[in-house]
Structure formats: structure tokens, C-alpha cells
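Letters A, B, ... mirror the listed sequences (proteins, then strands); counts begin at 1. Everything numeric here is computed off the predicted structure, so don't read it as measured data.
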2 protein chains.
Amino acid sequence: MKLKEAKAEFIQTWGALGSSWGINRTMSSIHALLIASKDPLSADEIMDYLKISRGNVNMNVRALIDWGLVKRHMIPGERKEYFSAGKDPWEIARQVAAERRKRELEPVIEAVSQLQKIEDTSAEAEDFKNTLAQLEDFTRKVSNTLNQFVKSDKNWFFKKLMSLIH
Amino acid sequence: MKLKEAKAEFIQTWGALGSSWGINRTMSSIHALLIASKDPLSADEIMDYLKISRGNVNMNVRALIDWGLVKRHMIPGERKEYFSAGKDPWEIARQVAAERRKRELEPVIEAVSQLQKIEDTSAEAEDFKNTLAQLEDFTRKVSNTLNQFVKSDKNWFFKKLMSLIH
DNA sequence: AATAAATTTCAATAATTATTGAAAGTTTAA
DNA sequence: TTAAACTTTCAATAATTATTGAAATTTATT
């Protein structure tokens with residue numbers, strides 16, 4: 001297999017993965033393209049490679065920057081902006097975990113916690129309150145654990161990962 | 001807050017969560033309804049409560065069964081099928097982790113592993129191979145860890161979770 | 001300040017994904 | 001074996017989500 005083909009397939013694979021994770025295909029394709037690329041790319045290069053419009057590139061690159069997965073570069077003497085993505089899988093996972101915790105887990109904890117204020121005292125109501133309490137407890141534990149990952153350094157993470165397996 | 005309201009909001013919250021995780025809103029709403037419900041429900045009851053069509057209930061309940069999140073009940077003397085969902089968050093998470101590992105992580109490992117067969121030996125090709133190798137290694141580690149979770153019992157999981165935090 | 005280069009926005013449109021509902025298929029019971 | 005009760009399928013349609021592209025805006029250069 002040639003380098004070019006491999007990169008094209010990687011972009012394809014990564015794009016499909018993203019879409020099964022609720023991230024849109026174009027966003028993950030751009031991310032993959034930048035991961036696979038030695039040097040930062042301009043909007044024009046991304047448009048050209050992925051055959052998508054300027055507006056689309058702009059919106060999805062912005063989203064990637066929001067997620068902390070891509071950064072802007074200003075090259076001295078150039079007017080254009082360039083974009084690059086970090087290549088370390090652990091850093092990528094950490095960034096994604098941090099954002100999802102904030103965006104998805106925290107709101108659930110908040111909501112489930114509020115819902116437990118049920119006035120009824122029927123057996124059914126008590127049961128449901130109990131289900132919610134368990135859910136809150138579980139979600140808090142997961143959220144705390146993720147938070148540790150996010151704040152930890154790479155070696156700590158791998159050590160723990162290994163300790164889980166053995 | 002009354003029990004009915006709380007259940008309605010829970011269904012709402014859980015539905016929204018699912019859709020940010022690439023699971024469709026109706027599927028997670030049905031799941032939430034069954035979690036919140038004391039007894040198993042029939043297709044008609046689900047249709048009625050969520051105001052969705054029979055076909056939609058059938059398809060999404062089937063998907064939930066595929067995911068191992070819902071089971072069928074036959075009540076003796078009744079013609080209808082009834083459905084229920086497990087209420088233990090740990091069991092739910094385990095089931096979801098098991099399925100996603102199989103459906104999403106394993107194919108990525110396979111794909112990334114294949115992609116490393118790049119013939120080129122330019123510095124750029126070597127760099128990219130290296131990125132892929134790191135990605136494969138990371139994904140394998142995550143996959144193994146998830147697999148441990150999946151095979152483990154509840155207490156083991158919580159003990160490990162706690163050991164990570166402290 | 002005028003111009004050029006690049007970026008951003010967003011209404012229109014295209015593409016995708018979810019939902020309906022009626023017909024076909026199955027199962028159970030008399 | 002017929003009919004009623006229930007489930008499944010799937011083509012048509014609705015709803016949602018992504019994409020385009022041209023106009024508006026911003027930023028840099030002369």
C-alpha cells in the first residue's frame with residue numbers, strides 16, 4: 001500500500017468512527033486529515049483534499065478548535081491561517097473525555113439529582129427514587145474517574161490502565 | 001414534583017443523552033420509559049405513552065433487545081408480548097460497553113493494523129506509520145480494559161473505580 | 001483610506017435519517 | 001381451517017441534520 005492510499009483510508013475509517021460517536025463525519029474527516037498530515041494545512045488545502053465547501057471547512061474546523069483537538073497557526077509572512085491536530089492518541093482521548101464529561105455527564109447528574117425531589121411516597125415512587133439515586137451515584141463515580149484521567153499525566157494513566165488489566 | 005412529571009422528565013433527559021451518543025432519540029426514550037416503569041410494558045402501552053407508531057416501537061425495541069438492554073416477557077394467558085429493562089446502571093453500562101467495543105473498537109483496531117502495511121520509506125511515511133502504531137497500541141489497551149470491565153463482576157468494578165480515584 | 005485577501009455567516013438546498021401506517025406474516029385458539 | 005390477535009416489514013413521507021455558496025465582515029497591505 002502506498003502512503004497516499006493509506007492516508008485516504010485512514011480518513012475514511014476515522015470519519016466513520018466519529019459518526020458512530022455522534023460527531024459528524026466531516027468533522028472527524030478533517031480531524032483525521034490533520035492527524036495524517038505532516039504539516040499544518042490551510043482551509044484551501046482542506047477544501048481541496050476533502051472536496052467540501054469553504055463554509056463547511058470553516059464551521060467544522062471551528063468545532064474542532066472548540067473541542068481542543070485542533071489549533072490555529074499563523075505563519076509569518078503568510079496571510080492564511082493554518083491548522084494542525086495533535087497526534088498523540090492519549091492526548092486526543094483526554095481532550096474528548098474532558099469535553100464530553102462537561103457537556104454530557106454533568107448535565108445528567110444535575111438533572112437526575114433534581115428529579116429525586118418527588119413528593120409522592122407510594123411504593124412505586126420510592127422505587128423510582130431509588131433507581132434515580134443509583135443512577136446519580138453511578139454517574140458521579142464515572143464523572144470523577146474521568147476527571148482524574150483528564151487531570152492526570154500520561155504515565156499515570158498508562159500505569160493505571162495496566163493495573164486494571166493485571 | 002409528582003411521580004408522573006418526574007418520569008416524563010427522566011424520559012426526556014435520557015432521550016437527549018442517547019442522541020448525543022449516537023443512539024436515536026426514540027430508542028433511548030423507550031429505554032428510559034422501561035427503566036422508569038415498575039412492570040413490563042406492551043407495545044401498545046409504549047405507543048400510547050410516547051405517541052409513536054407501532055412500527056417505530058417494534059424497530060426500536062428490537063434494537064434495544066439486540067443491545068441486550070431490554071428483554072421480552074410472555075405473560076401466561078396473555079397473547080401480547082411485554083418488555084422490560086434492567087435498572088442497574090452498572091449492568092446497563094457494562095452491556096453498552098460490551099457492544100460498543102465489539103461494534104466500534106474492534107473494527108478500528110483491525111483497520112489501523114492493516115493500514116500500517118505502507119511500502120514507502122520516506123520520512124513522512126515513517127512518521128505516519130508511527131502515528132498509526134501508537135493509535136493501534138492505545139486502542140488495544142482501551143479495548144482490553146473494557147473487556148475486563150465487561151467480564152468482571154460489579155464489586156470488582158467498583159473497587160477498581162475507587163482505586164483509580166484514590 | 002482604499003484595496004485586496006482571507007474568514008465568517010447564514011438562508012437556501014441537499015442529503016441523510018427517522019417515522020408512519022398499511023399490508024404481509026405469524027401465532028394461537030376454537 | 002378459519003378467524004382473531006398480535007408482530008413484522010418496508011415503501012412512502014416527514015423531520016432532521018449537513019452542506020453549499022455567495023454576501024457580509026474582518027484583517028492586513030499599500
For side-chain hydrogen bond (donor to acceptor under 3.5 Å, both in side chains), just list the numbers for T121(A) and E126(A), CA-CA rounded to whole Å, side-chain angles, deciding distance to a tenth of an Å, and then say yes or no. CA-CA 6 Å; T121(A) 52; E126(A) 292 305 327; 5.4 Å; no

Walk me through whether Q134(A) and W90(B) qualify under side-chain hydrogen bond (donor to acceptor under 3.5 Å, both in side chains). CA-CA 9 Å; Q134(A) 274 185 266; W90(B) 186 74; over 6 Å; no

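Each of M27(A) and G77(A) was matched to the nucleotide of DNA chain D holding its nearest heavy atom; the match closer to the 5' end belongs to M27(A). Mapping I23(A) and F83(B) onto DNA chain D via the closest heavy atom, the residue that lands nearer the 5' end is F83(B).
Taking every side-chain heavy atom of N58(A) into account, dT9(C) is the closest of dT27(D), dT9(C), dT7(D). With dT27(D), dT9(C), dT20(D) as the candidates, the nucleotide lying closest to the side chain of S53(A) is dT20(D). Listed nucleotides: dT7(C), dC6(D), dT9(D). Nearest to the side chain of R79(B): dC6(D). Distances from the side chain of I52(A) to the nucleotides dT20(D), dT20(C), dA18(D) place dT20(D) closest. Counting only heavy atoms from C-beta on, N60(A) has its side chain closest to dT19(D) among dT19(D), dT7(D), dT8(C).
Residue R54(B) is in base contact, counting any heavy-atom pair closer than 4.0 Å across all strands shown. Backbone-only contact: N24(A) has heavy atoms under 4.0 Å from sugar-phosphate atoms and none from a base.
As a whole-Å value, the separation of R25(B) CZ from dT17(D) P is 8 Å. Between L50(B) atom CG and dT20(C) atom P there is a gap of 10 Å when expressed in whole angstrom units. A straight line from CG of N56(A) to P of dT16(C) spans 13 Å, rounded to a whole angstrom. Between R62(B) atom CZ and dC6(D) atom P the separation is 19 Å, expressed in whole Å. In this structure, CE of M59(A) is placed 10 Å from C1' of dT8(C), rounded to the nearest angstrom. Whole-Å rounding puts the I46(A) CD1 to dT19(D) C1' distance at 16 Å. The separation between K80(B) atom NZ and dA4(D) atom P is 17 Å, rounded to whole Å. To the nearest angstrom, C1' of dA6(C) lies 9 Å from CG of D44(A).
Contact of the Y82(A) side chain with the R72(A) side chain is not registered, since no non-hydrogen atoms from C-beta on lie closer than 4.5 Å.
From L135(A), atom CG reaches atom CH2 of W14(B) across 5.0 Å, with rounding to the nearest 0.5 Å.
Exactly one of T139(A), T145(A), D137(A) qualifies for a side chain to side chain donor-acceptor pair (under 3.5 Å) with K141(A). That residue is D137(A).
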